[in-house]
Amino acid sequence: MLNIGLLGAGRIGHVHGATLRGMTTACAAAVSDFVPDAAQALAGRLGAEVMTSEEIIASDKIDAVVIGTPTTTHYDLIHAAAAAGKAIFCEKPVDLSVDRIRECLAAVEKAGVPFMTAFNRRFDPGFAHLQKQIADQVVGNVEIVTILSRDPAPPPIGYIKQSGGIFRDMMIHDLDMARFLLGEDPVELTAVGSCLVDPAIGEAGDFDTAAVTLKTASGKICQISNSRRATYGYDQRVEVHGEKGMLRAMNVPEHNVEFSSGAGFTSAPTQPFFLERYAAAYRAEMEHFVASVVDGVEMTPTGVDGLKAQMMADAADASARDGQPRKLQF
Ligand SMILES: NC(=O)c1ccc[n+]([C@@H]2O[C@H](COP(=O)([O-])OP(=O)(O)OC[C@H]3O[C@@H](n4cnc5c(N)ncnc54)[C@H](O)[C@@H]3O)[C@@H](O)[C@H]2O)c1
């Protein structure tokens, strides 16, 4: 049984806690949160102890930590957990600074501990199947990948201000998905960004509508489209066009009942937001982490995957601001 310390009892802490509660190979042995009531509420549900993050990291009863605290805290927690020899599951983004991510990865390498960047979308059943179809050459040589990712509505402006911007906060998932599906690193990137949804987002120095084009050394192209608004709900689709055909991963509806009448056909809305849409992915990524630590299954996505996505997000932000394309060198 892998004893896990859950750092952070917020939105994502609850998701990972629920997964661990259902597992037989791992459990949440301890929970920490700066807000004692938050830690207590989650720990009570999981039958876990309440401890501080520092106590969890120092405890020899804890084998691994799940870092689900705000991004600004990841750096210190990674360093402390690595030095204590804990396996680390870290929420995305690892940090908002590429240099600081490099320092985290150096600490992890020095300590020789397993480290996983939680890009949960790689574990979504649809996207994972699509990637396997690509690997199995179902569409032959991949030519153009299209990734569409739109939130139902913008987050509060307070969140936007500390998020690192749309490319580092939101598109980072899609930038990782692009590498996952292309099967090779992009070498060129061009980005555009606009503020069309909420002027307050522009006043905060961010974009709410953005697109990126990537090109790999062999010429494969990927287009990513992001919006902080979609009137019809959470929109998460991927299309892969190749020499032998096209693969598409569609939105996941709330149910599969369709109403037909003389006025046309009406089907269910999409899953409302990421917690529902990616519920299966969150479970699968935690199961993968535990299997990797316990059975030595190769751990992915790695810290380097987290670093590369962040480098792409930085390049996208810079390109959207000055209108110039960027070369990507990892
Ligand atoms: N993979 C995904 O789809 C996904 C989704 C949401 C959030 N995230 C990431 O997860 C992280 C947390 O996001 P959230 O939405 O759950 O935030 P949240 O604010 O809901 O929860 C974070 C919790 O951590 C607590 N906290 C702060 N510092 C702490 C510390 N040092 N030790 C213990 N607890 C501490 C806060 O009190 C808070 O309760 C962020 O890095 C975010 O980017 C990832």
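For ligands, and for the atoms within them, numbers begin at 1 and follow the listed sequence.
- Under the 4.0 angstrom criterion for non-hydrogen atoms, A39 is not in contact with ligand 1.
- By the criterion of a heavy-atom distance under 4.0 Å, neither the backbone nor the side chain of Y278 is placed next to ligand 1.
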Evaluate the criterion side chain to side chain contact (heavy atoms under 4.5 Å, CB included) for residue pair R122 and E285; output intermediate values, then yes/no.
CA-CA 8 Å; R122 290 191 184 207; E285 70 171 348; over 6 Å; no
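- At least one protein heavy atom sits closer than 4.0 Å to atom 16 (O) of ligand 1.
- For ligand 1 and P93, the ligand atoms under 4.0 Å from any heavy atom of the residue are 43 (O).
- At a 4.0 Å heavy-atom cut-off, ligand 1 touches H173 through the side chain alone.
- Between A38 and ligand 1 there is no heavy-atom distance shorter than 4.0 Å.
- Contact annotation: for R11 versus ligand 1, heavy atoms closer than 4.0 Å belong to both the backbone and the side chain.
- Among the candidates L46, D33, I62, the single residue satisfying the side-chain contact (heavy atoms from CB on, under 4.5 Å) test with L6 is L46.
- Atom 42 (C) of ligand 1 has its nearest heavy-atom neighbour, among E91, K92, R121, in K92.
- Of the possible polar contacts, none joining the T25 side chain to the M1 backbone as a donor-acceptor pair under 3.5 Å is found.
- Note on D314 versus R326: no salt bridge recorded, every NZ/NE/NH1/NH2 to OD/OE distance being 4.0 Å or above.
- Of all the atoms in ligand 1, the ones that sit under 4.0 Å from a non-hydrogen atom of V35 are 37 (O).
- Under a 4.0 Å N-O distance rule, the pair R228/D169 qualifies as a salt bridge.
- Contact between H74 and ligand 1 is present, with at least one heavy atom of the residue lying under 4.0 Å from the ligand.
- Remark: among candidates P36, P70, G8, A281, the nearest residue to atom 22 (C) of ligand 1 is P70, based on non-hydrogen atoms.
- Of the protein's non-hydrogen atoms, T71 OG1, 2.9 Å is the one closest to atom 41 (O) of ligand 1.
- In summary, the side chains of E184 and S218 do present a donor paired with an acceptor at a separation below 3.5 Å, with no hydrogens or angles considered.
- Residue-level proximity to ligand 1 for N120 is carried by the side chain, the only part with a heavy atom below 4.0 angstrom.
- Judged by distance alone, the side chain of D322 and the main-chain N or O of Q324 form a donor-acceptor pair under 3.5 Å.
- Salt bridge status for K86 with D63: absent, with no side-chain N to carboxylate O gap under 4.0 Å.
- Taking 4.0 Å as the cut-off between side-chain N and carboxylate O, E188 and K327 count as a salt-bridged pair.
- When only interatomic distances are considered, the shortest N/O to N/O separation between I12 and ligand 1 falls below 3.5 Å.
- Within a 4.0 Å radius of atom 26 (N) of ligand 1, the protein contributes one or more non-hydrogen atoms.
- The shortest heavy-atom contact between M312 and L175 is CE-O, 3.7 Å.
- The option from F34, F273, Y159, F274 that lies nearest to atom 28 (N) of ligand 1, judged by heavy atoms, is F34.
- Contacts between T73 and ligand 1, counted as non-hydrogen atom pairs separated by less than 4.0 Å, involve the side chain only.
- Inclusion of S53 in the set of residues having an N or O under 3.5 Å from an N or O of ligand 1 is warranted.
- For atom 21 (O) of ligand 1, the closest non-hydrogen atom of the protein is G10 CA, 3.2 Å.
- Contact annotation for Y282 and ligand 1: only side-chain heavy atoms (C-beta onward) come within less than 4.0 Å of the ligand.
- In terms of protein heavy-atom proximity, atom 29 (C) of ligand 1 is closest to T69 CG2, 3.5 Å.
- M170 and I12 end up in the same hydrophobic cluster when Ile, Leu, Val, Met, Phe, Trp and Tyr side chains are linked at under 4.5 Å.
- Scanning the protein for heavy atoms near atom 38 (C) of ligand 1, the closest one is D33 OD2, 3.4 Å.
- A salt bridge does not link D151 with R229: every distance from a Lys NZ or Arg NE/NH1/NH2 to an Asp or Glu carboxylate oxygen is 4.0 Å or more.
- For D206 and K161, the salt-bridge test fails: no basic side-chain N is under 4.0 Å from an acidic carboxylate O.
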